[in-house]
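Notes to accompany the following structure.
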2 protein chains.
Amino acid sequence: MHLTDYPRPSVAVDVAVLTVHDETLKVLAVPHRLGRPALPGTFLHQGENLADAATRALRDKAGVEGAAVHQLRMFDDPHRDDRGWVVSMAHGTTVPSDQIPQNAMLFACDGPEVKDLAFDHYDMTTLAVTDLRERYGRHPDPDHLLGESFTVLELRRLYEIVYDRALPKDSFRRQIIDTLDPTGALSATGSGRPAEMFRRRDGVELPRSATALLVG
Amino acid sequence: MHLTDYPRPSVAVDVAVLTVHDETLKVLAVPHRLGRPALPGTFLHQGENLADAATRALRDKAGVEGAAVHQLRMFDDPHRDDRGWVVSMAHGTTVPSDQIPQNAMLFACDGPEVKDLAFDHYDMTTLAVTDLRERYGRHPDPDHLLGESFTVLELRRLYEIVYDRALPKDSFRRQIIDTLDPTGALSATGSGRPAEMFRRRDGVELPRSATALLVG
DNA sequence: CTAATAGTGTCTTTCAGACATTATCCT
DNA sequence: AGGATAATGTCTGAAAGACACTATTAG
């Protein structure tokens with residue numbers, strides 16, 4: 001039997017775009033023909049790889065550019081799409097909220113609306129959040145949600161949102177400070193002592209104990 | 001455009017079967033039409049899901065039954081297979097060596113032969129080993145490479161093979177002992193004090209500090 | 001000065017890691 | 001008894017976490 005003789009599923013990609021908006025971790029959704037909002041997705045084109053398809057879906061359906069996507073897992077229930085046999089590779093990515101179009105739908109990842117997403121897109125979102133937490137537990141802001149430079153306070157606020165828990169300010173600082181490079185600059189503060197600015201050092205790993213602090 | 005009008009890649013599955021044999025972590029390979037050995041794999045059948053296809057490949061190509069497979073990632077380079085457009089979902093699984101047929105090919109995961117596997121199967125193997133280490137760092141022998149009950153020494157030996165490093169016997173014991181249930185039985189020892197036997201407690205997680213001990 | 005926020009010194013408790021000692025089997 | 005292996009007691013150094021103190025800005 002030649003390989004072209006095998007029946008083949010349609011192959012789709014979907015992308016869970018996570019962002020921090022209003023102090024909350026949110027996921028981007030787009031309108032879908034069935035009424036229920038869905039993650040941006042598309043079918044794989046001839047000769048295209050999955051990441052390229054996901055990036056294309058992100059641009060065409062959500063107006064988001066320049067985000068690096070990564071695979072989460074393949075959703076392969078043969079009956080997950082009533083239009084036919086469609087398997088879909090769930091992808092994750094994270095973008096700062098200012099790179100998301102104003103008119104986009106954003107749902108809180110732990111909110112009730114996200115459960116109403118089309119298909120199995122709620123499960124994809126859950127997976128993306130778990131994945132985000134694992135990656136942030138290993139590296140300091142690996143997805144560059146903060147700009148090139150930031151204060152320790154800004155970083156801690158971000159982690160409190162990602163992990164949805166309060167983090168002790170002094171322990172947090174001591175855990176991450178050695179993985180950051182000081183820029184020398186100080187933050188333009190409102191009042192109070194100005195904070196030092198830091199930047200990421202590439203390839204640096206957080207200490208194992210930091211993961212314990214974050215997860216709790 | 002209707003979904004059936006999209007060009008579709010052939011979808012394959014491959015399985016990296018890991019086992020411990022001769023005190024070494026090895027991967028199972030099978031003969032392949034191109035000469036170079038390959039991981040057992042197959043094409044997805046109509047209406048089948050990926051895990052079922054992988055399990056079928058395991059049974060038909062390698063004679064291994066009853067192993068639970070899990071997805072690693074999709075290898076999707078459009079030119080990875082010169083027969084045409086074939087994407088393949090790499091799967092991982094682990095089986096005790098006594099469940100592997102005698103005539104099977106086993107390659108040391110860190111040996112030179114594994115690099116000669118067909119297609120991108122070397123990368124798949126590397127991914128399976130990384131995945132194994134992550135999972136063993138979180139749970140005590142989650143893949144049941146040891147039997148239902150075992151001694152702390154047997155467990156430590158296993159971990160030394162999985163992580164390819166010596167582990168201090170007393171620290172190791174204290175790290176994992178609270179995650180195990182004593183059976184009350186003692187090991188039939190050659191000479192010396194017999195060791196206590198333990199069994200896994202389901203759902204139990206290793207402490208975060210254990211991961212640090214293991215990874216080093 | 002006071003208010004406000006950033007950053008650090010210090011104490012306590014916990015624990016990994018090393019080492020030594022005790023415990024329990026065998027011949 | 002003596003040998004061998006399992007298991008545990010103990011010490012030390014390191015570090016997390018809590019708390020309080022100092023430092024540096026604005027007004």
Side-chain angles (χ1 to χ4, degrees), chain A residues 23 136-138 140-141 146-147 149-161 163 165-199 204-216, chain B residues 23 136-138 140-141 146-147 149-160 163 165-199 201 204-216:
Chain A
E23 311 271 289
Y136 269 67
R138 279 199 263 271
D141 188 24
L146 303 176
S149 75
F150 45 83
T151 68
V152 173
L153 174 61
E154 289 167 340
L155 187 64
R156 179 162 55 87
R157 287 268 157 78
L158 173 60
Y159 272 81
E160 290 182 333
I161 293 167
Y163 288 93
R165 75 187 285 268
L167 297 171
K169 87 166 193 169
D170 43 9
S171 291
F172 180 84
R173 184 186 184 87
R174 277 188 259 255
Q175 288 285 359
I176 54 89
I177 198 70
D178 288 338
T179 71
L180 301 176
D181 286 327
T183 67
L186 297 179
S187 74
T189 177
S191 84
R193 175 173 171 176
E196 288 180 61
M197 305 290 289
F198 296 87
R199 68 169 65 89
V204 76
E205 296 227 352
L206 292 175
R208 304 276 155 192
S209 50
T211 316
L213 169 68
L214 296 170
V215 178
Chain B
E23 312 270 290
Y136 269 68
R138 279 198 262 271
D141 188 25
L146 302 176
S149 75
F150 47 83
T151 68
V152 172
L153 175 60
E154 289 167 340
L155 187 64
R156 180 162 55 88
R157 287 268 157 78
L158 172 59
Y159 272 81
E160 289 182 333
Y163 288 93
R165 75 187 284 267
L167 297 171
K169 90 170 193 162
D170 44 10
S171 290
F172 180 83
R173 183 186 184 85
R174 278 187 258 255
Q175 288 285 0
I176 54 87
I177 198 69
D178 288 338
T179 71
L180 301 176
D181 287 328
T183 68
L186 297 179
S187 75
T189 177
S191 81
R193 175 174 171 177
E196 288 180 62
M197 305 289 291
F198 295 86
R199 67 169 67 89
R201 189 184 311 150
V204 75
E205 296 227 352
L206 292 175
R208 304 276 154 191
S209 49
T211 314
L213 169 68
L214 296 170
V215 179

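Computation of the quantities below employed the complete heavy-atom set of this structure, encompassing side-chain atoms and omitting hydrogens, waters and symmetry-equivalent molecules. Below, chains carry the letters A, B, ... as their sequence lines are ordered, and counting in each starts from 1.
- Using a 4.0 Å heavy-atom cutoff across all strands shown, B/S209 reaches sugar-phosphate atoms only and no base atom.
- From B/L167, atom CG reaches atom CZ of B/R173 across 15.0 Å, with rounding to the nearest 0.5 Å.
- For DNA chain C, the span of nucleotides reached by chain B at under 4.0 Å from its heavy atoms goes, 5' to 3', from C/dA16 to C/dC26.
- When side chains are defined from C-beta on, A/P168 counts as touching A/D170, because their heavy atoms get closer than 4.5 Å.
- One interatomic measurement links the two molecules: CD of A/E196 to C1' of D/dT24, which rounds to 12 Å at whole-angstrom precision.
- Whole-Å rounding puts the A/L213 CG to D/dA15 P distance at 15 Å.
- For the atom pair CG (B/L214) and CZ (B/R156), the distance works out to 12.0 Å, reported to the nearest 0.5 Å.
- Between the side chains of B/Q175 and B/S209, at least one donor-acceptor pair of N or O atoms lies under 3.5 Å.
- The nearest whole Å value for the distance from the CZ atom in B/F150 to the P atom in D/dA6 is 15 Å.
- Counting heavy atoms from C-beta on, the side chains of B/V215 and A/R208 come closer than 4.5 Å.
- Across D/dT8, D/dA18, D/dT25, the shortest atom-to-atom separation from the side chain of B/D170 is found for D/dT8.
- The ring of B/Y159 has its center closer than 6.0 angstrom to the ring center of B/Y136.
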Tabulate protein N/O versus nucleotide N/O from nucleotides 2-4 of chain D, keeping only pairs under 3.5 Å, one per line.
none

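- Using a distance-only test at 3.5 Å, with no hydrogens or angles considered, a donor-acceptor pair links the side chain of B/T179 to the main chain of B/I176.
- With rounding to whole Å, A/R208 atom CZ is found 14 Å from D/dA16 atom P.
- Using a 4.5 Å heavy-atom threshold, the side chains of A/D178 and A/P207 count as separate.
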Could you walk me through whether A/L155 and A/F172 pass the side-chain contact (heavy atoms from CB on, under 4.5 Å) test, one step at a time? CA-CA 10 Å; A/L155 187 64; A/F172 180 84; 4.0 Å; yes

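- Put simply, CZ on A/F198 and CG on A/L146 are 13.0 Å apart, with the number rounded to the nearest 0.5 Å.
- No salt bridge links A/R199 with A/D181; every basic N to acidic carboxylate O contact stays at or beyond 4.0 Å.
- D/dT5 atom P lies 15 Å from atom CD of B/E154, rounded to whole Å.
- Near DNA chain D, meaning a heavy atom under 4.0 Å away, the residues from residues 171-182 of chain B are B/R173, B/R174.
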